[in-house]
Undergrad: 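If you scroll down you'll find the structure; I have some questions about it.
In what follows, every heavy atom counts, from backbone to side chain, and hydrogens, waters and symmetry copies are set aside. For the single chain, residues carry numbers from 1 onward in sequence order. Keep in mind that what you see is a predicted model, and the values were worked out from it rather than measured.
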Amino acid sequence: MRNKKITRKITQGMYVLTTKDGGCIVDAVSQISAGDYPLISVAVMKTNYTNSLLKKNRKFALSVIGKEEDGKLIETFGMKSMREIDKFAECETEDIMGIPVMKNSLGYMLCEIVDAIDNDTHTLFIGKLIEADVFKDEEAMSYGYYQEHKDDLIKVTTEKGRTAWICTICGYIYYGETLPDDFKCPKCGVGKELFEKKTKEN
């Protein structure tokens, strides 16, 4: 038995990853070296539009989401696509070296991409930290906290009277009494084990 929910116990934060012309929510972020210009890694799904942008651009920013965030940043950058809306028009941003960063965040890290490693589902982008600042000295939101409180942070509206399965990663909604055994989210590519059922009565 493989219960992938245990991965939610890995200590990691919630960030808005931005680059020129796009951005998305990420949680798999790590500092992998020290020194004056430490290296920061971030994993981005291959199916995400932002992944293709990062392969064209040389810089990205990570805005740190605070624990007191009302969910707007997560909803905008995690549940919507730049193919459909201008995410930057939904939030206040500040231009830093040509990359938009979130004003309503705890601060940002601006990185120059030095390497990219592809695997089956994600690309691991490695960036050299070239600029950074702290906006607010508050507690950062962890991925575990988000998972425990996502119903309060993100309001997902489903059709009344229908059983819905909601992707806990991107918010995609599948309607049906059961999920097919080989089902994968058409939006972000994760398997059925990362979907949660919302019953007709909810």
Undergrad: Would you say Thr163 and Glu177 are linked by a side-chain donor-acceptor pair, where the criterion is simply a distance under 3.5 Å?
TA: yes
Undergrad: Is the CG atom of Asp137 crowded by more than 12 outside heavy atoms at less than 6.0 Å?
TA: no
Undergrad: Treating Ser142 as the side-chain partner and Tyr145 as the backbone partner, does any N or O pair qualify as donor plus acceptor under 3.5 Å?
TA: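 Between the backbone of Tyr145 and the side chain of Ser142 there is a qualifying donor-acceptor contact (under 3.5 Å).
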Undergrad: Can you tell me which residue among Tyr175, Phe195, Tyr172 is in a side chain to side chain contact (heavy atoms under 4.5 Å, CB included) with Trp165?
TA: Phe195
Undergrad: Do Glu69 and Asn104 have side-chain atoms, one donor and one acceptor, less than 3.5 Å apart?
TA: yes
Undergrad: How long is the gap from CD on Gln31 to CG on Leu129, to the nearest 0.5 Å?
TA: 8.0 Å
Undergrad: What's the separation between atom NZ in Lys87 and atom OG1 in Thr50, rounded to the nearest 0.5 Å?
TA: 5.0 Å
Undergrad: Would Lys192 count as a cation-pi partner of Phe183, with NZ or CZ less than 6.0 Å from the six-membered ring centre and within 45° of the ring normal?
TA: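 Here Lys192 fails the 6.0 Å and 45° test against Phe183.
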Undergrad: Can you measure from CE (Met109) to CG (Leu17) and round to the nearest 0.5 angstrom?
TA: 10.5 Å
Undergrad: Looking at every heavy atom in both Val16 and Ile25, which two are closest together, and how far apart are they?
TA: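 Closest heavy-atom pair between Val16 and Ile25: CG2-CD1, 3.8 Å.
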Undergrad: Rounded to the nearest 0.5 Å, how far does SG of Cys91 lie from NZ of Lys103?
TA: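 Nearest 0.5 Å value for the NZ-SG distance: 12.5 Å.
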Undergrad: Distance check, rounded to the nearest 0.5 Å: Tyr37 atom OH versus Glu131 atom CD?
TA: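 So the OH of Tyr37 and the CD of Glu131 are separated by 10.0 Å.
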Undergrad: Are Asp118 and Lys55 close enough, and set up right, to give a salt bridge (Lys or Arg N to Asp or Glu O under 4.0 Å), and what steps lead you there?
TA: CA-CA 11 Å; Asp118 278 327; Lys55 289 182 175 177; 3.4 Å; yes
Undergrad: Should Thr18 and Phe77 count as side-chain neighbours, where that means a heavy-atom distance under 4.5 Å?
TA: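 When only atoms from C-beta onward are counted, Phe77 and Thr18 do touch, with a gap below 4.5 Å.
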Undergrad: Can you tell me how far the CD1 atom of Ile74 sits from the SG atom of Cys24, to the nearest 0.5 Å?
TA: 13.0 Å
Undergrad: Going by heavy atoms in the side chains, are Gln12 and Tyr146 under 4.5 Å from each other?
TA: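 No, too far: nothing below the 4.5 Å cut-off.
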Undergrad: Do Ile117 and Thr123 make a side-chain contact, defined as non-hydrogen atoms from C-beta onward lying under 4.5 Å apart?
TA: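 When only atoms from C-beta onward are counted, Thr123 and Ile117 do not touch, as no gap falls below 4.5 Å.
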Undergrad: Can you check whether Lys59's main-chain N or O pairs, donor with acceptor, with Asn57's side chain at less than 3.5 Å?
TA: no
Undergrad: For the backbone of Val44 and the side chain of Asn51, can you confirm whether one donor and one acceptor N or O come within less than 3.5 Å of each other?
TA: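 Checking the backbone N and O of Val44 against the side chain of Asn51, a donor-acceptor pair under 3.5 Å is found.
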Undergrad: Linking Ile, Leu, Val, Met, Phe, Trp and Tyr by side-chain heavy atoms under 4.5 Å, what else ends up with Ile96?
TA: Met97, Ile99, Val101, Tyr108, Leu110, Ile130, Phe135
